[in-house]
Amino acid sequence: MTPDSSTEWFEAPPPPDDEVMYVDVDGYEGPLDLLLDLARRQKVDLAQISVLALAEQYLSFIETVREKRIEIAADYLVMAAWLAYLKSRLMVPQAASDDEPTGEMMAALLQFRLKRLEAMRRTAMQLMNRPLLGQRMFARGAPEPITIHRKALWEASLFDLLRAYATQRERGVPNDYTPRERNVWSLQEAREILNRLIGDNMDWVPLDRYLAEYLATPAQRATAMASTFASSLELVRQGQVELRQSLAFGPLLVRRRKSDGPQTGT
Amino acid sequence: MSDDFESTAPSPDAAERNLRILEALLFASAEPLSAGELAPHLGEGVDVEGLLALLAERYAGRGVHLVRRADKWAFRTAEDLSFLLRRETTDNKPLSRAALETLSIIAYHQPATRSEVEEVRGVATGKGTLDLLMEAGWVRMRGRRRTPGRPVTYGTTEAFLDHFGLESLADLPGLEELKGAGLLSGRLPPNMQIPLPFDGPLRDDEDPLDPDDIEGQDEEQ
Amino acid sequence: MSDDFESTAPSPDAAERNLRILEALLFASAEPLSAGELAPHLGEGVDVEGLLALLAERYAGRGVHLVRRADKWAFRTAEDLSFLLRRETTDNKPLSRAALETLSIIAYHQPATRSEVEEVRGVATGKGTLDLLMEAGWVRMRGRRRTPGRPVTYGTTEAFLDHFGLESLADLPGLEELKGAGLLSGRLPPNMQIPLPFDGPLRDDEDPLDPDDIEGQDEEQ
């Protein structure tokens with residue numbers, strides 16, 4: 001723990017005459033730094049320093065600073081208060097019932113902190129004196145980068161493939177949709193046809209018979225029946241024809257109604 | 001005259017020292033270095049070129065070689081190990097619908113020309129789609145159809161069979177199987193057929209590819 | 001491929017081949033590589049550490065050495081040749097005294113919280129100092145101490161070891177001496193166990209970092 005190798009650290013505030021203190025807090029990084037500098041002025045191993053003398057020096061330094069009304073960080077004053085207390089503990093004999101730390105313990109703690117800070121400064125120096133990478137030790141100047149080839153791994157399952165094929169084949173099927181021509185008799189048509197067929201026939205004739213010609217094709221049967229039946233009801237309502245059905249599902253008979261009104265028809 | 005002997009014939013120790021220096025300088029340099037650039041770091045009157053040649057020889061069998069680039073020297077990874085510096089990352093991507101359709105048509109209708117594929121799809125097939133399928137290693141150029149324009153015929157590869165778990169093209173389901181699997185609706189014309197695909201040697205109506213065609217598709221072969 | 005023959009019983013040839021591969025990979029990389037990163041390039045069941053030790057031995061007398069950095073390896077120019085290569089580091093701003101002290105305290109006292117660093121220095125440490133050290137890649141956030149306030153614990157990185165030419169924290173200069181003097185502890189503990197700096201996984205009194213902490217310090221990881 002000899003402090004010889006780290007002199008540069010302590011050149012920052014050049015050691016002036018012990019009696020005439022430089023009053024320059026800017027040169028220190030906090031109260032511990034200042035204390036370490038003061039301790040080093042005692043020119044002895046930190047283990048041998050007089051903590052009492054150190055405390056006195058610090059306190060007188062702070063006093064000078066305050067007399068000159070120099071702005072000083074609170075840290076320094078906190079340390080000054082602590083050192084003043086330390087000083088009193090060191091000078092006044094310890095009472096037996098006192099459970100505060102003894103002056104010796106407090107002095108040892110201060111010494112420990114000073115030694116630790118000094119040690120850290122020295123190690124920092126030693127680290128910087130190592131063969132630093134990029135300054136005294138070198139990595140490969142022209143590293144050969146790893147080139148990354150992105151390769152797409154295409155994913156498709158057999159099912160996807162088959163479905164794609166099937167869908168296309170279905171799509172490809174010539175889908176000629178010719179809507180069935182459905183012959184629907186409109187009510188208007190049916191009425192005209194019915195009027196024409198019945199003519200002036202006053203005899204009961206089954207409706208089917210009139211429609212026989214039209215009912216020949218099964219496709220037309222339903223629509224012809226439905227439309228003519230609906231139209232016949234309409235004609236009945238208008239009083240132009242009469243309908244008769246003697247039993248359920250029996251033949252539906254139709255005849256021209258004798259009327260006074262003008263007859264429609266072609 | 002004995003002085004001359006000492007100066008011209010360097011001791012083995014001095015040579016070793018100089019070789020170490022060359023090694024360190026060449027290793028740390030970002031650029032190849034010439035003998036002239038190296039010389040100032042060595043002793044006076046040292047045969048830099050000779051040392052470089054010796055160093056190159058020492059590294060000849062190693063994973064790193066000392067190589068000459070014009071009149072400069074540099075360490076470089078041995079050619080045969082360059083694969084170490086390549087990383088293949090594989091991104092799994094689903095095949096697009098267009099690619100899937102094109103692939104399936106080629107699979108069932110092979111040998112098929114591009115226009116035949118387009119006819120089935122009812123839409124033009126981009127060159128990119130075929131390239132992609134060839135890059136994936138599933139489709140290859142087979143030959144050229146003996147028809148006007150001599151269009152290229154495409155077929156599937158072994159890798160295709162491998163990927164889709166097919167022993168041969170005969171494993172591709174036929175019409176009835178596709179229907180059975182519910183992939184085709186029942187409403188199909190009775191005359192619809194699924195062709196028998198063929199991936200054997202060139203057919204009678206196929207010519208071999210032109211020499212120009214083959215270039216650049218080595219991966220697929 | 002004849003690799004199968006070589007994998008089980010490492011013939012001298014296989015060992016040479018693996019050494020070449022290690023050489024190539026380590027030469028090519030500017031960053032140290034771990035055995036785990038190297039292993040995939042060698043055969044199955046290869047003793048990577050053994051081969052690395054052998055390779056380091058081979059390069060022991062050369063201008064370039066194979067050095068260990070934590071659990072990683074890298075080629076670096078020989079220390080004794082630094083006089084040749086010393087560069088005018090005009091662009092390298094020297095670290096401030098505060099930063100240097102902080103780095104040193106973190107290195108020797110890690111895992112260390114900011115207030116522990118401040119306790120040693122006897123002065124508040126600006127956030128900027130820690131940021132600067134993290135930016136340089138030498139210091140990283142390790143976790144959070146399991147104490148009230150859950151302060152972040154800091155430690156050094158592999159890049160720190162690499163930059164300062166240390167194989168591990170055990171190589172920190174004066175470590176034994178500092179330990180003997182009890183200067184590695186936070187408090188004054190004349191007879192307590194003195195901790196040694198530790199850059200391994202989180203300790204019992206450390207929690208992982210919060211997700212928010214990690215953001216933006218990926219470079220350091």
*Asks:* Taking side chain as everything from C-beta outward and backbone as N, CA, C, O, which of these in A:A156 sits under 4.5 Å from a heavy atom of chain B? Side chain, backbone, both or neither.
*Replies:* both
*Asks:* Stepwise, does the side chain to side chain donor-acceptor pair (under 3.5 Å) test hold for B:D171 with B:S168?
*Replies:* CA-CA 6 Å; B:D171 286 351; B:S168 71; 4.5 Å; no
*Asks:* Just give me the residue among B:P173, B:S104, B:A99, B:G122 that pairs up with chain A most often, heavy atom to heavy atom, under 4.5 Å.
*Replies:* B:S104
*Asks:* Check for a donor-acceptor pair, side chain of B:T157 on one end and backbone N or O of B:F160 on the other, with a separation under 3.5 Å.
*Replies:* yes
*Asks:* Under a 3.5 Å threshold, yes or no: a donor from one side chain and an acceptor from the other, between A:S227 and A:E189?
*Replies:* no
*Asks:* Kindly assign one of parallel, tilted or perpendicular to the pair B:H163 and B:W138, based on the angle between their ring planes and the thresholds 30° and 60°.
*Replies:* tilted
*Asks:* So which of B:L103, B:T77, B:L84 has the largest heavy-atom pair count under 4.5 angstrom toward chain A?
*Replies:* B:T77
*Asks:* Out of B:L95, B:L172, B:L26, which one racks up the most heavy-atom pairs below 4.5 Å with chain A?
*Replies:* B:L95
*Asks:* Quick check: closest heavy atoms across B:F198 and B:R203, and the distance to 0.1 Å?
*Replies:* CB-NH2, 3.1 Å
*Asks:* Given a strict heavy-atom distance threshold of 4.5 Å, which part of B:R97 is in contact with chain A: side chain, backbone, both, or neither?
*Replies:* side chain
*Asks:* So for B:F83, is it side chain, backbone, both, or neither that comes closer than 4.5 Å to the heavy atoms of chain A?
*Replies:* neither
*Asks:* Step by step, would you call B:Y59 with B:F75 a ring pair (Phe, Tyr, Trp, His ring centres under 6.0 Å)?
*Replies:* CA-CA 9 Å; B:Y59 275 88; B:F75 279 115; 4.9 Å; yes
*Asks:* B:L166 versus chain A, heavy atoms under 4.5 Å apart: side chain, backbone, both or neither?
*Replies:* side chain
